[in-house]
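One structure is given here, and the rest of the page talks about it.
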Amino acid sequence: MGAMTDQSSQDMFDDTSKSWARDEPRLLSDWTARPFLLQWSTPVAEKRILDMGCGEGYFTRQLARSSSEKAQHLEGIDISAGMIELAQANEQQIPLEITYSVGCATDFKAQLSEYDLITAVFVYNYTTVEQMQQSMKRVYDHLAPDGHFIFSLPHPVNPFMDSGTDSFHFERSGGWFSGRDQTFEGRMAQRDGSEVSVRCLHKTFQDVLDGLRTAGFTHFPDFRELAVTEKMIAEDEDFFGPLADLPLHMAFKVGK
Ligand SMILES: C[S@@+](CC[C@H](N)C(=O)[O-])C[C@H]1O[C@@H](n2cnc3c(N)ncnc32)[C@H](O)[C@@H]1O
């Protein structure tokens, strides 16, 4: 962990870890992002997987449950001890053969030297550009030659648009370039009508692509801009309707 840890984000997650604990979709991104990321990540059979910034393990458990054939190794790390305690408690109650430990995405001590899949679901919005780039380097070093790295971030244009909705929105506290590394506070709706605080240390597309390139990745990344779908709107117009046509998240899948 050390000096690169963002203490305020760590405290925020230690304090709020209980409100994140869930096994059913609840947050907007449980519909608009995680199912897509899971689809990209599967099949998990026989894979050695590291879920960085796993939180209380919602996505890690989805990976474990995604097929009848198990992953060879499934490991989650998170900087928040509170989140890891919850994840471990869940694993004790309902064992899925996942191992969890406290660790930072920038300098994690991995159990294995190589992974077939490394994921980072909404983690780099809590790190600086430099930390993200350090982490990408570490990912590269621990990725098997034909392995994949999958990560998601809030869509960086979101704070710069007049979205007309609070269901998912960040307040910008800087410009597109001058706001790099500035903390943009935001809100995300939950389907029960409440909302959670979210945070995004602003990064440009160039920051992400530079990070991958300087880490050593030479393959062209698969890139998606995630939004609500017609199907979601048809299912719950009140919840998803106000977000129609807005870019919500971005997802990257890249091989070495
Ligand atoms: C929005 S939550 C996402 C949790 C999980 N990936 C999911 O999708 O359900 C972000 C998580 O990133 C963790 N985090 C933030 N900075 C980190 C870092 N430098 N290293 C590891 N985890 C970090 C937080 O503690 C938090 O659990």
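In each ligand, atom 1 is the first atom listed, and ligand 1 is the first ligand listed.
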**Prompt:** Does Y126, backbone or side chain, put an N or O under 3.5 Å from an N or O of ligand 1?
**Reply:** no
**Fill in**
For A105, the atoms of ligand 1 under 4.0 Å from one of its heavy atoms are 18 (C), 19 (N), 20 (N), 21 (C)
**Fill in**
Checking heavy atoms under 4.0 Å, the part of C54 that sits near ligand 1 is backbone
**Request:** Please could you name the atoms of ligand 1 that V121 approaches to less than 4.0 Å, counting only its heavy atoms?
**Result:** 3 (C), 5 (C), 6 (N), 8 (O)
**Prompt:** For ligand 1, which part of E56 has a heavy atom less than 4.0 Å away: the side chain, the backbone, both, or neither?
**Reply:** neither
**Asked** T106 to ligand 1: N or O pair under 3.5 Å?
**Response** no
**Prompt:** How about F149 and F151: are their ring centroids closer than 6.0 Å?
**Reply:** yes
**Prompt:** Under 30°, 30 to 60°, or over 60°: which ring-plane class applies to F170 and F168, parallel, tilted or perpendicular?
**Reply:** perpendicular
**Item:** Contact (N/O only, under 3.5 Å) between V123 and ligand 1
**Value:** no
**Request:** Check whether any side-chain heavy atom of E225 sits under 4.5 Å from a side-chain heavy atom of H249, and report yes or no.
**Result:** no
**Prompt:** Should you measure from each heavy atom of G103, which atoms of ligand 1 turn up under 4.0 Å away?
**Reply:** 20 (N), 21 (C)
**Request:** Using the salt bridge (Lys or Arg N to Asp or Glu O under 4.0 Å) rule, pick out the option among E91, E97, E56 that qualifies with R61.
**Result:** E56
**Message:** For the residue pair Y100 / E85, report whether a side-chain donor-acceptor contact shorter than 3.5 Å exists.
**Reply:** no
**Message:** My understanding is that we take every heavy atom of each candidate and find the minimum distance to atom 19 (N) of ligand 1. Doing that for C104, P154, S80, which one comes out nearest?
**Reply:** C104
**Min side-chain heavy-atom separation I77-D51 under 4.5 Å** = no
**Message:** With ring-ring contact (aromatic ring centres under 6.0 Å, His included) as the test, pick out the partner of H202 among Y126, W176, Y124, F177.
**Reply:** W176
**Complete:** Candidates V198, I79, L37; heavy atom nearest atom 17 (C) of ligand 1 found on I79
